[in-house]
Visitor: 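Below is the structure I would like to discuss, written out as structure tokens.
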Amino acid sequence: MNPFVYARPDALPEAVRLGATGRAAFLAGGTNLVDLMKENVARPAEVVDINRLALRDIVEIDGGGLRIGALVTNADTAYDERVRRRYPLLCSAILAGASPQLRNAATNGGNLNQRTRCYYFYDVQTPCNKREPGQGCGAIGGANRIHAILGASPQCIATHPSDMCVALAALEAVVRVTGPQGERTIPFEDYHRLPGNEPWKDNTLAPGELVTAIDLPPEGFAAHHTYLKLRDRLSYAFALVSVAVGMRVEEGRVADLRIALGGVAHKPWRRPQAEAAMRGQAPSRELFEAAAQGLLEGAMGQGDNDFKIPLARRAIVRALSQAAAGTPQSQTDKRIA
Amino acid sequence: MDTVMKVGIGTPLSRVDGLEKVTGRAKYAAEYEVPDMLHGVAVPSAIARGRIAAIDDRAARQVPGVVEVLTHENRPREAWLDRSWKDELKIPGEPFRALGDDRVLFAGQPVALVLAESFEAARHAASLLDIRYEEEAHNIDFQVSLAEKFEPSKKRSSFHPPKNRGDAEAAFAEAPLKLEGEYHLATEHHNPMEMHATTLHWHGDGKITVYDKTQGPQGVQAYLASAFGFSKSDVRVVNAYVGGAFGSGLRPQWQVQLATLAAKHMQRSVRVVMTRQQMFTHVHRPECRMSVRLGADVEGRLTSVICDATTSTSRFEDNMEDIVIWGMMNYASPNAAGSYSIAPRDTYTSADMRAPGAATGMTLFEIAMDEMAYKAGVDPLEFRLLNYSEVDAMNGTPFTSKALREAYREGAARFGWDRRSPEPRSMREGRELVGWGVATGMWDAMFSKTSASAKLSANGHLEVACATSDIGTGTYTVLTLVAADTLGLPPEQITARLGDSSLPTAPVEGGSWAAASSGAAVQLACQSVAKKLLRAADKVEGRPLNGAHSLDDVVFEGGRMLLKSDPTRSVGIVQAMQAAELPVIEEEETASGGISGMVSQMLKSRNTHSAIFCEVRVDEELGQVRVTRIVNAVAAGRIINPKTARSQILGGVVMGMGMALHEETLADRKLGRWMNHNLAEYHVPAHADVEQIDVIFVDEPDPEVTPLGVKGVGEIGIIGTAAAIANAIFHATGKRIRSLPITIDKLID
Ligand SMILES: Cc1cc2nc3c(=O)[nH]c(=O)nc-3n(C[C@H](O)[C@H](O)[C@H](O)COP(=O)(O)OP(=O)(O)OC[C@H]3O[C@@H](n4cnc5c(N)ncnc54)[C@H](O)[C@@H]3O)c2cc1C
Ligand code: SF4
């Protein structure tokens, strides 16, 4: 860990000003940033502790959605009565992640901005384009059991590790940010990015931009949804594959549908065409298989992670049947519904 | 008086050190504050094999607070003089010596130690060293290393070579039923909760006190004395509390080497603590491949057992384990043969990890046994009983005791085994396939010469002391119980002192021998105190114990000595000491098992056994396994403390679940490096993975095995557990997976 200057501003404008140096890092719950600093992966010259900012509320927004502050903890979000009732998919995805202790400390803004768990990214003695542009990617041809099968590039095959973000992608949330240029909103789809030739960029935040809140649109798919997470043990492990589904069923047909995958790409993975193909159809296993096919088209294994392709296919089919039946996956009963 | 419940051997007593631990008062090696101490941070090698060409430490030395950067070039010359010296385990080869020379032998090897006035300065400076290497070809892949496997001519002293019997090859060739399989266990790292750490107090008068994370303070003491040129009497090593070890603290690790080098160099106190990442740069359970061939007659009676195994070691030491002997010992096949070799790779030397050898060899063998049971069309439990051996089938010697039959019976009854439907894939609940599996466990019941002292004060307080270690196993509590049992004192009046090289001699804590050995020593020391007390009782007015000539004539209970022939006549312990004007009685004794013990050691086999029953539920489509029920029935002689003993079995079973389903250190072959070196990516079971575990201790009186009739329970819990799970998965799914851990990718394959 390198020496750094620590600041704890009281107000947003000050935080944004301090964060705009290009060498600063915002500190929220610290559950990811501090680990990365200890490993010398993150070496900020300034640490801007944002915990005094007034970003800890969950409020109603016009037109029926909810605005969730960036500093609301993952736990407080998941256990908020309004979130539980109207956005059980989000609640479920959050509770599928990490451990109670971590969720008590982790914030929503931090969850969006947490970095990949790629082994090489975490080990400064190995090559990694995301950590040090131009070094090469250690994971390609290396240990890549947890890596991407979709949307990867020859520069980087990392995945985004968040569970919460997979649900947010399915809910088509909107990220509110404030930066040196003022305020703007980013549709969730555009928030995280694929690695391409710039794998060091996880998302589309500009330097100094701070996430202030996440807006949830009115539609929460409370009746038909699921978050199905598959991992190497029954709790407290990152997803090998996860599936968030939000479905609206009208008169026995799929009226609206969102599917997002976690653990398979550099961002929560969606294929709107695959969703569109299901609309208006009656739910059936064949339909679900076709959706899986569509979502996974072009999927490519890297060796150790080849198994993720069939696993993802089966997980999608199961998750769709859970959502259609209105029997979402429990995050406490470990039996898969 | 007589109504007081005697607390002693067999009483389920909560940990006597529990309060210290949960309140944080129990100090671990990294927590001792010593004056004027430097912080040392180790710099790991970036390459797996080669030479250090140059180290540029200028930037590191610029960091305020940094006082020295220690490397192979400037370390104290007098260290590492005695090249032939070995630690207590005496692994053949040349032990690793930190900063010994410019050679890099494994990735993550400490190649420099930055010393600073603060931990933060040292850690930062450590990241600024610029090291150039000359890299050489290396290999970390066990499969590749098999091309270089060999049978070492010089064996590790603890190694038991397989003893062949009959003509196993011919019997196999002729057997009507044959099984042939290749089994595999991945590399696992120990990862106890407490990281390896040393706080070395440099007293300035030639003496040092070393707070070290180790399983053997006297081993470390002897090691530091001879490897670093101290006189033994100047070195005191303390490990009063150890946050788990699982064998990782059997040998002195590199942090104590670095701390000692640095302290000598700086003539100052030093602390060195490994990070969790660095915990993956040293000891680990060897990877193993074992081929098993079994032959049986049409009824399922084994006619041939053949095991050939290879485990991994480093290029600088030949670590060996007992892998192939377990099946040969445990089953009554008239023909059996085994061979064992090791394969070197460019890693640190593999090491003993909870039940070394058996946890691997017995477990893999028990998967093969399960396969053979299906081949023979016999229930897997029935199959084991059919091939039951009353004697140690490899050595031809009787056991001091073997209540495995009872363990099978009681375990099966508790589990409800008779309700099992024999066909694979025949049990189902909802979406999940249900499977029931069984396996056997077997471990050595060892005894090691150990001394202990007992010191009784006139106020009735007793202190017992022994240099053995409590690595979380409950030794403090067990020794308190033995002392309470012998002198009839309540546990609150007893203090056990352990984990200090200045205490009476004990071997390194391992092999599950601590309770049996140090327990026997404490009992002897307490008996000597008891004899003195009996003599002192003579001085009490009226001589109430008149007629008591030896300990056999009295009982110790409730702080008093009672005449056996007439319990109304008694003398208080305090009363006796006062009458005899004895302020303290202090005795030291050594338990060695005696001559007769040694003779019988050769004529009889001493083992613990277990029967493990397991239920899994598998979502086959998604490769998800839930271990919903385990019954582990253990035959381990006399149980001193049923409560801590049960905890040992629970812990062993959970670790066995990790072996079955989770634990695997992943390597990058190009870099020669372990990659998932943190506890987010190296998986052990989480709470959600652990459901119902039932522990049964079957009755197994065995006055012969050790002086207290105790066999030890620290390791038997893990042995065979992973096989029971793998076998249950087969029963559930019909899928036989021969490579552990059984991860999701193998299941959906
Ligand atoms: C052992 C372990 C297991 C875990 N398992 C899971 C899991 O299964 N599923 C899962 O989803 N997550 C898991 N996590 C990750 C956890 O969810 C994240 O660490 C957490 O959400 C990060 O939030 P934080 O507030 O602590 O962020 P911090 O560590 O404070 O920050 C993380 C990053 O976000 C940036 N940042 C923080 N807030 C803002 C903001 N408002 N605007 C802009 N940038 C910001 C920081 O600068 C930093 O780069 C696990 C973490 C650990 C340590
Ligand atoms: S996958 Fe991405 S994060 Fe991992 S080593 Fe390659 S470049 Fe780095």
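Reminder, nothing fancy here: chain letters follow the sequence lines and each chain counts from 1.
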Visitor: Rounded to the nearest 0.5 Å, how far apart are CD of Gln302(A) and CD1 of Ile157(A)?
Guide: 4.0 Å
Visitor: Check each atom of Asp232(A) against the heavy atoms of chain B and say whether the ones under 4.5 Å are side chain, backbone, both or neither.
Guide: both
Visitor: Salt-bridge test for Asp668(B) and Arg673(B): reply yes if a basic N is under 4.0 Å from a carboxylate O, no otherwise.
Guide: no
Visitor: Using a 4.5 angstrom heavy-atom cutoff, name the option from Leu661(B), Asn676(B), Val63(B), Asp749(B) with the most pairs to chain A.
Guide: Asn676(B)
Visitor: Tyr682(B) vs Phe280(B) aromatic rings, parallel, tilted or perpendicular, using cut-offs 30° and 60°?
Guide: perpendicular
Visitor: Sort Pro741(B) into side chain, backbone, both or neither according to what part of it lies under 4.5 angstrom from a heavy atom of chain A.
Guide: neither
Visitor: Please determine if Glu132(A) and Arg43(A) form a salt bridge, counting it only when a charged side-chain N lies under 4.0 Å from a carboxylate O.
Guide: yes
Visitor: Counting heavy-atom pairs under 4.5 Å with chain B, which one of Glu39(A), Arg231(A), Arg117(A), Lys308(A) comes out on top?
Guide: Glu39(A)
Visitor: Side chain, backbone, both or neither: which part of Arg669(B) has a heavy atom under 4.5 Å from chain A?
Guide: neither
Visitor: At what distance, to the nearest 0.5 angstrom, does OG of Ser242(A) lie from CG of Asp163(A)?
Guide: 5.5 Å
Visitor: First locate atom CE of Met300(A), then atom CG of Asn305(A), and finally report the distance between them rounded to the nearest 0.5 Å.
Guide: 9.0 Å
Visitor: Tell me, for Ile742(B) versus chain A, whether the close heavy atoms (under 4.5 Å) come from the side chain, the backbone, both or neither.
Guide: neither
Visitor: Relative to chain B, which segment of Arg233(A) carries a heavy atom at a distance below 4.5 Å: side chain, backbone, both, or neither?
Guide: both
Visitor: Please confirm whether the ring centroid of His189(B) lies under 6.0 Å from the ring centroid of His284(B).
Guide: yes
Visitor: Can you say whether His677(B) sits under 4.5 Å from chain A via the side chain, the backbone, both, or neither, judging by heavy atoms?
Guide: side chain
Visitor: Sort Val684(B) into side chain, backbone, both or neither according to what part of it lies under 4.5 angstrom from a heavy atom of chain A.
Guide: both
Visitor: Heavy-atom distance under 4.5 Å to chain B: side chain of Tyr120(A), backbone, both or neither?
Guide: both
Visitor: Give, as side chain, backbone, both or neither, the part of Ser45(B) having an atom under 4.5 angstrom from any heavy atom of chain A.
Guide: backbone
Visitor: Please flag which part of Leu622(B) lies under 4.5 Å from any non-hydrogen atom of chain A: side chain, backbone, both or neither.
Guide: both
Visitor: With ring centroids as reference points, do Trp254(B) and His196(B) lie under 6.0 angstrom apart?
Guide: no
Visitor: Under 4.0 Å between a side-chain nitrogen and a carboxylate oxygen: does that hold for Asp619(B) and Arg335(A)?
Guide: no
Visitor: From Leu230(A) CG over to Gln329(A) CD, what is the distance, rounded to the nearest 0.5 angstrom?
Guide: 8.5 Å
Visitor: Counting only non-hydrogen atoms closer than 4.5 Å, does Ala139(A) touch chain B with its backbone (N, CA, C, O), its side chain (CB onward), both, or neither?
Guide: neither
Visitor: Leu666(B) versus chain A, heavy atoms under 4.5 Å apart: side chain, backbone, both or neither?
Guide: side chain
Visitor: Report which part of Ala126(B) has an atom under 4.5 Å of a heavy atom belonging to chain A: side chain, backbone, both, or neither.
Guide: neither
Visitor: Please state whether the side chain, the backbone, both or neither of Glu432(B) comes within less than 4.5 Å of a heavy atom of chain A.
Guide: side chain
Visitor: What residue, out of Gln277(B), Arg617(B), His683(B), Arg123(B), has the most heavy-atom pairs lying under 4.5 Å from chain A?
Guide: His683(B)
Visitor: In terms of side-chain geometry, is the basic nitrogen of Lys130(A) or Asp202(A) positioned less than 4.0 Å from the acidic oxygen of its partner?
Guide: yes
